Amino acid sequence: MNSHLLHVKELQTQFITDEGTVPAVDDVSFYVNPGEVLGIVGESGCGKSVTSLSVMGLVPSPPGKITGGEILFDGKDLTEASEKQMQKIRGNEIAMIFQEPMTSLNPVIKIGDQLIEGVRIHTDKSRKQAKEQAMDMLQKVGLSRVDELMSQYPHQLSGGMRQRVMIAMAFICEPKVLIADEPTTALDVTIQKQILNLMKQLNSEMHTAIILITHDLGVVAEMCDRVVVMYAGKIVEEATVKEIFNDPKHPYTKGLIQSVPDLRQRKDKLYSIPGNVPKPGQIKSGCVFAPRCAYAFETCGQEMPKLCSTEGSQQVRCWLYHEK
Amino acid sequence: MLKYTFRRLGALIPVLIGMSILVFLIIRAIPGDPAQTILGDKASEQAVENLREQLGLNNPIYIQYFSYMKGLITGDLGTSIRTSSPISADIWPYLAATIELAFVALIIAVVIGVNAGILSAWFQNSIFDYTAMIIALIGISMPVFWLGLMEQWAFSLELGWLPSIGRESVRDPITPITHIYMIDTLIQGDFDQFVVVIKHLFLPGIALGTIPMAIFARMTRSSMLEVLRSDYIRTARAKGQKMFVIVYKHALKNAFIPILTVIGLQTGLLLGGAILTETIFSWPGIGRYIYEAIQYRDYPVIQAGILVIATIFVLINLIVDLLYAAFDPRIKY
């Protein structure tokens with residue numbers, strides 16, 4: 001079990017607010033192996049981003065706090081690591097790219113300097129060497145006129161270019177794990193495709209494990225090896241990509257897949273799961289999905305089911321499969 | 001950039017003309033006759049009338065204004081009614097004294113205020129944050145004259161560490177070159193005198209710098225808090241950068257534009273609004289110069305003093321505008 005590169009065990013992250021404690025992430029476990037692409041899927045507000053920030057040790061604190069579980073990376077528990085130890089890991093061993101390429105780069109620092117900074121934090125290379133490495137990396141992510149680019153500021157670049165810069169920045173220290181938090185959400189469809197291809201290519205070239213956080217099942221189908229489906233701060237299903245699309249078990253996963261429009265069938269109305277995602281901590285007893293679930297029965301409203309294995313590696317948190 | 005600078009300098013002309021008219025009219029609206037003030041209550045009607053004629057005070061107001069403007073264009077700020085000497089020559093020593101004092105006050109205010117603001121934002125809601133912000137609030141609310149008197153009482157009278165008034169030792173005056181004594185003593189290589197100058201600057205510098213310091217601290221804190229929450233700061237942290245570098249490099253450069261604006265405004269106010277401090281510390285600055293001129297109804301001096309301060313104020317704001325571009329590459333002129 002401990003041989004996984006990154007293994008999150010029963011992670012619990014809470015936000016302490018004036019209205020009480022909100023469990024944004026509750027009992028979340030998953031792992032990635034070198035070179036693997038893991039997808040974390042779910043609607044907005046289901047705890048995907050908080051999970052990734054927890055791994056990086058970047059949960060805004062206060063009000064956020066990791067209150068339980070372990071994050072094992074190379075055998076070390078990151079929840080126990082000091083800020084100084086985390087600084088050595090961030091960007092160097094675990095890197096992250098964010099949803100908003102427009103605001104994620106510092107507007108008053110040149111692109112080149114932002115890349116060079118990343119190299120110089122983690123290595124003792126000279127500025128010149130770091131500069132060469134930065135230019136190499138920019139070329140690798142498919143940017144041209146690299147020389148000019150190095151002395152430009154973020155506002156002079158398009159969204160797609162900025163996300164490429166972000167990717168270059170994330171990969172520049174050849175991290176073992178890359179966490180990509182909705183990296184293509186803010187981009188045009190054509191650019192999305194390019195960015196995904198680029199990540200896939202770097203993944204196979206550098207053997208970097210990728211945790212891809214997204215709400216887009218199309219992206220999952222294209223990119224991922226395994227998928228974790230999250231709902232209201234909890235994992236409701238975990239499976240390989242094939243299993244998820246061919247045989248989704250959890251009613252929520254089924255709903256998600258059903259809501260993707262199918263080009264081959266023209267329907268009058270698109271399917272959507274009735275209701276809204278509950279706020280974290282809103283549902284006190286029973287299964288968090290029960291109020292929106294078409295299959296819910298008596299037990300669902302009373303007790304939260306545990307994550308249990310079905311066939312193969314597939315795991316599901318649902319009373320429908322509990323007794324089997 | 002150069003074109004912009006010239007355009008802005010050109011735009012100063014109507015501003016300055018408007019200001020000169022305003023100052024000219026307001027002063028003449030104030031009751032009181034300068035001729036009467038100069039000659040005293042017991043002067044005869046005839047003597048007062050003669051002096052009025054001599055000073056040109058009997059001319060229609062627009063004639064007075066035009067003769068004043070004619071002088072201004074040739075660099076002549078007029079002649080003091082009281083001392084009969086040209087103001088252009090008189091004013092510099094006073095202005096230099098004020099510039100020196102304002103400079104010291106500004107350095108104190110920026111160094112302490114901005115850093116306190118940065119640390120307060122970095123360690124938001126910590127004891128440091130609360131303490132600094134309470135001190136800042138007290139600093140903003142504290143009247144300068146009271147603070148000045150307390151300083152004199154504590155550091156001069158009780159402790160005897162620092163001189164309470166003036167710019168220099170009365171027994172051993174400084175030979176002026178530029179009239180900015182810090183520079184003068186250094187040029188003359190007289191380090192002992194330099195220390196004397198610094199000692200004299202200390203108390204009034206703190207008194208004058210306290211309010212701007214408090215304003216800078218509060219402004220910096222709120223500006224930094226906003227920046228520290230932004231996405232690019234998260235990116236910098238995700239890179240593994242140290243908090244110190246993130247705060248002082250990544251965040252401060254972004255937060256500095258609003259800080260720069262208040263620094264500019266406060267610098268203008270320091271130069272013009274030092275009258276209270278200058279009075280308490282017997283500082284021979286421009287504030288005192290104008291204050292005394294007002295007492296004597298010395299119109300030309302009041303006009304010239306206000307005009308000089310206003311011009312400096314406008315110029316400082318121009319410099320601030322130009323500096324924006326240095327801090328934010330998105331601003332282009």
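Below, chains carry the letters A, B, ... as their sequence lines are ordered, and counting in each starts from 1. These numbers come from a predicted model, not from an experiment.
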Discussion item. Shorter than 4.5 Å, heavy atoms on both sides: which option in A:Pro60, A:Gly118, A:Cys173, A:Pro107 has the most such pairs with chain B?
Written reply: A:Pro107

With only heavy atoms counted, which part of [X] is less than 4.5 Å from chain B, the side chain, the backbone, both or neither?
| X | answer |
| --- | --- |
| A:Met166 | side chain |
| A:Ile89 | neither |
| A:Ile109 | side chain |
| A:Met169 | side chain |

Worksheet item: How about B:Phe313: does its CZ atom have over 12 heavy atoms from other parts shown lying under 6.0 Å from it?
Response: yes

Check: every donor-acceptor pair under 3.5 Å linking chain A and chain B:
residue	atom	partner	partner atom	Å
A:Glu83	OE2	B:Arg237	NH2	3.4
A:Gly91	N	B:Ala238	O	3.0
A:Thr103	O	B:Tyr232	N	3.3
A:Thr103	OG1	B:Asp231	OD2	2.5
A:Ser104	O	B:Thr235	OG1	2.6
A:Asn106	OD1	B:Asn254	ND2	2.7
A:Asn106	ND2	B:His250	O	3.2
A:Asn106	ND2	B:His250	ND1	3.3
A:Val108	O	B:Lys253	NZ	3.2
A:Gln114	O	B:Lys239	NZ	2.7
A:Glu117	OE1	B:Lys239	NZ	2.7
A:Glu117	OE1	B:His250	NE2	3.0
A:Glu117	OE2	B:Gln241	NE2	2.6
A:Glu117	OE2	B:His250	NE2	2.6
A:His122	NE2	B:Lys239	O	2.7

Worksheet item: Can you name the residues that form a salt bridge (Lys or Arg N to Asp or Glu O under 4.0 Å) with A:Glu43, not counting sequence neighbours?
Response: A:Arg292

